[in-house]
Amino acid sequence: MDLNDPRPLHDQVAEAIRRAVAEGSYAPGDRLPPARDLAEALGINANTVLRALRDLRDEGVLEFRRGRGVSVLSRPDPRSVLEERLRALLAEASQYGYRRDDVIDLIREIS
């Protein structure tokens with residue numbers, strides 16, 4: 001987790017899980033570790049992790065099963081994962097005084 005990132009921690013956690021699922025680290029049907037274990041590994045409050053998990057459930061990425069924990073339901077749309085990463089990039093760039101057009105120019109320079 002990046003404490004300098006202006007986004008709430010639960011959004012950062014949701015993005016990390018979404019990315020892990022999109023990249024294939026977790027496949028549909030796989031169970032995630034308990035929220036308490038995730039929170040401990042990340043050094044954050046378990047309620048923050050639970051909020052991220054609920055957001056992903058509402059998106060249709062995860063499902064909650066009583067007595068069975070949290071499982072991956074489907075892979076997120078790769079475009080939505082990329083859009084989330086781009087939003088984070090733009091937010092970070094703005095912290096350094098860069099505008100959207102500046103970031104686009106940088107991307108063109110390195111492409």
Side-chain angles (χ1 to χ4, degrees):
M1 304 294 85
D2 183 359
L3 298 178
N4 294 320
D5 190 327
R7 295 174 303 144
L9 284 176
H10 72 274
D11 286 342
Q12 294 181 51
V13 172
E15 179 187 345
I17 294 170
R18 194 181 297 111
R19 186 173 44 243
V21 173
E23 292 173 350
S25 297
Y26 290 98
D30 288 350
R31 284 181 31 186
L32 294 181
R36 188 175 302 136
D37 293 350
L38 288 172
E40 187 175 314
L42 296 170
I44 59 176
N45 187 293
N47 288 324
T48 301
V49 173
L50 286 169
R51 184 169 178 186
L53 295 175
R54 283 192 300 269
D55 289 348
L56 292 171
R57 178 198 59 200
D58 295 345
E59 290 176 22
V61 175
L62 302 177
E63 73 175 334
F64 292 17
R65 296 176 123 184
R66 187 176 299 271
R68 294 181 133 180
V70 178
S71 299
V72 176
L73 188 58
S74 66
R75 284 211 162 100
D77 174 35
R79 181 183 172 101
S80 68
V81 173
L82 185 56
E83 286 174 356
E84 187 68 33
R85 291 173 95 175
L86 288 171
R87 281 188 198 94
L89 173 64
L90 291 172
E92 184 175 357
S94 72
Q95 287 181 331
Y96 295 109
Y98 289 94
R99 297 180 328 244
R100 183 182 66 107
D101 291 337
D102 298 327
V103 174
I104 291 170
D105 290 341
L106 284 170
I107 292 170
R108 286 188 178 125
E109 284 178 26
I110 64 171
S111 301

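Note that these values count all heavy atoms, side chains included, but never hydrogens, waters or copies made by symmetry.
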Review point. Checking side chain to side chain contact (heavy atoms under 4.5 Å, CB included) for the pair His10/Arg54: CA distance, chi angles, key distance, verdict?
Key: CA-CA 10 Å; His10 72 274; Arg54 283 192 300 269; over 6 Å; no
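The CG atom of Leu82 sits 11.5 Å away from atom CZ of Arg19, with the distance rounded to the nearest 0.5 Å. Atoms OG1 and CG, on Thr48 and Asp11 in that order, are 11.0 Å from each other to the nearest 0.5 Å. The distance from atom CG of Asp55 to atom CG of Leu50, rounded to the nearest 0.5 Å, is 11.0 Å. With rounding to the nearest 0.5 Å, the separation of CG in Leu89 from CG in Leu106 is 9.0 Å. Rounding to the nearest 0.5 Å places CZ of Arg31 at 13.0 Å from CG of Leu62.
The two residues Gln12 and Arg7 come nearest to each other via the heavy atoms NE2-O, 3.1 Å. Here the shortest heavy-atom pairing between Ala14 and Ala52 reads N-CB, 3.7 Å. The shortest non-hydrogen separation linking Ala91 to Pro6 is CB-CG, 4.1 Å. Residue Gly97 comes nearest to Asp102 through the heavy atom pair O-OD2, 4.4 Å, listed as atom of the first residue, atom of the second, then distance. Nearest heavy atoms, Val103 versus Tyr98: CG2-CB, 4.5 Å. Pairing each heavy atom of Ser25 with each of Asp30, the nearest pair is O-OD2, 4.5 Å.
The shortest side-chain heavy-atom distance between Ile17 and Tyr26 does not fall under the 4.5 Å cut-off. Contact of the Arg87 side chain with the Leu90 side chain is not registered, since no non-hydrogen atoms from C-beta on lie closer than 4.5 Å. Within the 4.5 Å cutoff, the side chain of Val61 has no heavy atoms near those of the Leu73 side chain.
Salt-bridge annotation for Glu40 and Arg36: absent, with no side-chain N of the basic residue lying under 4.0 Å from a carboxylate O of the acidic one.
Partner Pro34 forms a side-chain contact (heavy atoms from CB on, under 4.5 Å) with one of Leu38, Leu32, Asp37 and no other, that one being Asp37.
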